[in-house]
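Notes to accompany the following structure.
Below, chain A is the first sequence line, B the second, and so on; all start at residue 1.
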There are 2 protein chains.
Amino acid sequence: MGTPLPRDPIADAQRNWERHGWGDVAAPMAAITAIMRTQQILLARIETVLKPFGLTFARYELLALLSFARSGALPMNKASALLQVHPTSVTNAVDRLEKAALVARSPHPTDGRTTLIELTAEGRTLAKKATEALNAEVFGKSGFGPDDVDHLIRVLGTFRRDAGDFED
Amino acid sequence: MGTPLPRDPIADAQRNWERHGWGDVAAPMAAITAIMRTQQILLARIETVLKPFGLTFARYELLALLSFARSGALPMNKASALLQVHPTSVTNAVDRLEKAALVARSPHPTDGRTTLIELTAEGRTLAKKATEALNAEVFGKSGFGPDDVDHLIRVLGTFRRDAGDFED
DNA sequence: GCAATATACTAGGACATCCAAGGGTTTGGA
DNA sequence: TCCAAACCCTTGGATGTCCTAGTATATTGC
């Protein structure tokens, strides 16, 4: 995307906010902007690792979710809820994974409205390999210290709960 | 996107990682996944606030950036670098903002390759209103405590610097 | 001075996300 | 029993992001 900037653009933005009399929300603005940018960086790293496997993050997440399901199968709506994405996004991902023979659609045994997504043997194998690559090259080299990781999990967990993600 | 889940799906994923012998990277995985999800929640809130103004976050960011430029104008490549997005994304945003008469393209006085993006009067007015709305409804109600905000800014700042965003 | 290299923007394509709408299936109350 | 409301998935459309190329302009080096 380019060479490093001489100064942190988010810190600059925070200063601009303060200079315009919005000092009371400058810090939260900076924190939120930093989260957006961090997500962008992390996503790029993840996609780079997954590319050799022919996977995107969205498809990987679905494969990983299925690989942890007892039966290796889940209803589409369940996957949508657990991945916290719109149902149409799941439809999209399943379409592509199915074309790659990594998952298969099958009718729900008792509910005619529901479609089950099932992991194929290749899908299970690929999920395992992709997970090992991500663990080694992204999660194992996150750059966050152990204390920071714990803090992030706690702070963002509270945020997500308050946002209505879960009740726990 | 639906009703709250009974349990935190990211905490479940972390347990699954540990159960499969990947305990050493389970926590960073959870932290990174939490960042991805938090970004999604924040982006949705921001887009909701901006929708009445006919803006998206990408377009708003460009307007805000221009509004802080001394002359109210910036070269496209400068905007791309400061917003940390691909040049084609800036082209896309400028196309739409220009169609809405919020910005205008003008040739660079000395470099024929460069195009300047200039804020129109309406663009400046809208940027100000949109900023006030975001400050009031998103940044002012982030849900993060002051200590958490400071911690996020520090930890994510270090991460972004290490990732090569800036040198500072 | 001119050719080779570098830089700036845009066009086209692949993906992902969301929303709105439509068609099929279940469920529940009159 | 039966029809309306609720639920599930898919299609089509709008946006945004990135990548790869292609065109135009600047800069560099011989």
Phosphate-side-chain proximity, B:Gln40 and C:dC18, N/O vs OP1/OP2 below 4.0 Å: yes
Heavy-atom nearest nucleotide on DNA chain C taken for A:Ala58 and for B:Thr115; more 5' hit belongs to B:Thr115
Rounded off to whole Å, could you give me the CD-to-P distance for the A:Glu47 and C:dA14 pair? 17 Å
Neighbour count above 12 (heavy atom, 6.0 Å) for A:Arg7 CZ: no
B:Phe57 has an atom CZ; how far is it from atom P of C:dA16, in whole Å? 22 Å
Can you tell me if B:Thr91 touches the phosphate of C:dC9, counting only side-chain N or O atoms and a distance under 4.0 Å to OP1 or OP2? no
What pair of heavy atoms forms the shortest contact from A:Pro4 to B:Glu167, and how long is it? CB-CG, 3.7 Å
Applying a 4.0 Å non-hydrogen cut-off, can you work out what B:Asn92 is touching in the nucleic acid: base, sugar-phosphate, or nothing? base
May I ask you to verify if any side-chain N or O of A:His86 is less than 4.0 angstrom from the OP1 or OP2 atom of C:dC19? yes
Between P on D:dC8 and CG on A:Leu74, what's the gap in Å once rounded to a whole number? 14 Å
Can you tell me how far apart CD1 (B:Ile10) and OG1 (B:Thr38) are? Round to the nearest 0.5 Å. 7.0 Å
Check this one for me: any side-chain N or O of A:Thr88 less than 4.0 Å away from OP1 or OP2 of C:dC19? no
Could you tell me how far apart A:Leu42 (CG) and D:dC18 (C1') are, to the nearest whole angstrom? 17 Å
Specify the separation, in whole Å, of atom CD1 of A:Ile46 and atom C1' of C:dC15. 16 Å
Could you tell me whether B:Asp111 contacts a base, only the sugar-phosphate backbone, or nothing, with contacts defined as non-hydrogen atoms closer than 4.0 Å? sugar-phosphate
Rounded to whole angstroms, how far apart are CG on A:Leu97 and C1' on C:dC15? 13 Å
For a quick test of reading the model: is some side-chain N or O of A:Arg59 closer than 4.0 Å to OP1 or OP2 of C:dT17? no
When you check the phosphate oxygens OP1 and OP2 of C:dA6, does a side-chain N or O of B:Arg113 lie under 4.0 Å from one of them? no
Hey, could you give me the CD1/CE distance between B:Ile41 and B:Met36, rounded to the nearest 0.5 Å? 13.0 Å
Heavy-atom closest pair, residues B:Phe57 and B:Glu47: N-OE1, 3.4 Å
How long is the line joining CD of B:Glu61 and P of D:dG16, in whole Å? 12 Å
Taking only N and O in the side chain of A:Arg96, is any of them less than 4.0 Å away from OP1 or OP2 of C:dA16? yes
Could you state the atom-to-atom distance from CG of B:Leu55 to P of D:dT15 in whole Å? 12 Å
Distance check: side-chain N/O of B:Thr56 vs OP1/OP2 of D:dT15, anything under 4.0 Å? no
